[in-house]
Every structure is written in structure tokens, then in C-alpha cells.
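Presented below is the structure to which this report refers.
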Amino acid sequence: MGLGAALAGSHLPADDAAPVDAMSATPRAGRKARDELSMLPIVFEQARALTSLSDRPLVVLTSAENARDSDGWTEAQEEMAGLSSNAVRRDAATSHAGIVEDANGAAASVEAIASVIRAVRTGAVVATP
């Protein structure tokens with residue numbers, strides 16, 4: 001989730017969010033966020049160099065909130081899915097952090113991961129739910 005999630009606070013219910021927010025407010029968390037941000041130029045350079053995943057199974061899970069609020073987000077997600085000839089893009093009715101923290105978003109994440117695992121194990125095409 002990175003620095004954005006740390007600054008925004010947890011989307012979890014209050015009782016569950018409190019320890020996450022407390023942990024995110026430590027100097028150690030700040031150092032980790034700084035270190036993560038310092039790697040962005042390298043990560044973006046590597047991403048630009050990636051032109052194909054061939055037929056490797058891929059599910060791109062798109063946050064509906066990002067798709068709605070960020071111009072070009074859906075197109076970028078479609079482009080990412082286009083890296084593999086065995087890919088699907090799915091929408092999750094949640095925020096970026098909610099893909100992990102919200103019940104429905106987490107369920108969509110688990111299903112996306114399970115779809116890729118099934119495709120790898122069986123050699124089949126990634127299924128759409």
C-alpha cells in the first residue's frame with residue numbers, strides 16, 4: 001500500500017484500524033515509506049522496460065474509486081492487462097486501500113489471486129468471475 005495508505009489511515013473498522021494506524025505512525029514506518037518512495041524511479045524504469053508477459057496468467061484488479069477519480073487510470077489498467085495474452089481486468093467496488101482492507105475488496109483480491117493460481121496449475125486461460 002505504501003505511503004498513501006500510511007498518510008490516509010486505515011479503512012478498516014475502528015477497532016481493527018487502531019493498531020494499523022498506530023503502527024503506521026512510528027518512525028520505523030516513516031523510514032520504510034521514505035525508502036519505498038526512493039525506489040519509485042527504479043520501479044518505473046523497470047516497468048517501462050517491460051513490454052510483454054507473453055501468455056503468463058494475469059488479473060488486473062482495478063479500484064473503482066481510482067477509475068472514477070483518476071484520469072487515465074482505467075486506460076493504464078487496460079494497458080497493463082494487455083501485457084499478457086492470458087489476462088483479464090476486473091473492477092472492485094472499493095478504494096485502492098480497500099482492495100486489501102474492505103471485505104468486498106479483499107474478497108475480489110483473493111478471487112483474482114486464486115484465478116491466477118488455477119490458471120498456472122491447469123495451464124488454462126484466466127477465468128472471468
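Given the structure is predicted, the values throughout are model-derived calculations rather than measurements.
In this structure Arg118 satisfies the salt bridge (charged side-chain N to carboxylate O under 4.0 Å, His left out) test together with Glu111, sequence neighbours excluded. Considering only residues two or more places apart in sequence or on other chains, Glu65 meets the side-chain hydrogen bond (donor to acceptor under 3.5 Å, both in side chains) condition with none of them. For Glu78, the salt bridge (charged side-chain N to carboxylate O under 4.0 Å, His left out) partners are Arg89, not counting sequence neighbours. Legend: residues meeting side-chain hydrogen bond (donor to acceptor under 3.5 Å, both in side chains) with Asn86, ordered by chain and number and at least two apart, are absent.
In this structure, Arg31 and Pro27 have side chains that are in contact, with non-hydrogen atoms separated by less than 4.5 Å.
Enclosure of atom CG in Asp71 is not indicated, since only 12 or fewer non-hydrogen atoms of other residues, nucleotides or ligands lie within 6.0 angstrom. Within a 6.0 Å sphere centred on CZ of Arg68, heavy atoms belonging to other residues, nucleotides or ligands number more than 12. Residue Asp16 places its CG atom among more than 12 non-hydrogen atoms of other residues, nucleotides or ligands, all under 6.0 Å distant. Residue Glu45 qualifies as open at atom CD: its count of foreign heavy atoms under 6.0 Å is 12 or below.
At distances below 3.5 Å, at least one donor-acceptor pair connects side-chain atoms of Ser52 with backbone N or O atoms of Ser54. When atom types are taken as modelled, the side chain of Ser109 and the backbone of Val100 share no donor-acceptor pair closer than 3.5 angstrom. Judged by distance alone, the side chain of Thr62 and the main-chain N or O of Asp91 form no donor-acceptor pair under 3.5 Å. Looking only at distances, a side-chain donor or acceptor of Ser63 sits under 3.5 Å from a matching main-chain atom of Asn66.
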Inset, instruction - Any chance you could lay out the side chain to side chain contact (heavy atoms under 4.5 Å, CB included) test for Lys32 and Glu36, step after step, and finish with the verdict? - result: CA-CA 6 Å; Lys32 287 184 179 215; Glu36 184 177 320; over 6 Å; no

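The shortest non-hydrogen separation linking Asp15 to Pro19 is O-CD, 3.4 Å. Here the closest heavy-atom approach between residue Ala81 and residue Ala87 is recorded as O-CB, 3.2 Å. Across all non-hydrogen atoms, the minimal contact from Ala92 to Leu61 is CB-CD1, 4.0 Å. The two residues Ser115 and Arg90 make their nearest non-hydrogen contact at OG-NH2, 2.9 Å.
Residue Leu53 belongs to a hydrophobic cluster whose other members are Leu50, Leu58, Val60, Met80, Leu83, with links defined by side-chain heavy atoms closer than 4.5 Å. Cluster partners of Ile117, by chain and number: Ile113. The rule joins Ile, Leu, Val, Met, Phe, Trp and Tyr whenever side-chain heavy atoms lie under 4.5 Å apart.
From Phe44, atom CZ reaches atom CZ of Arg48 across 8.5 Å, with rounding to the nearest 0.5 Å.
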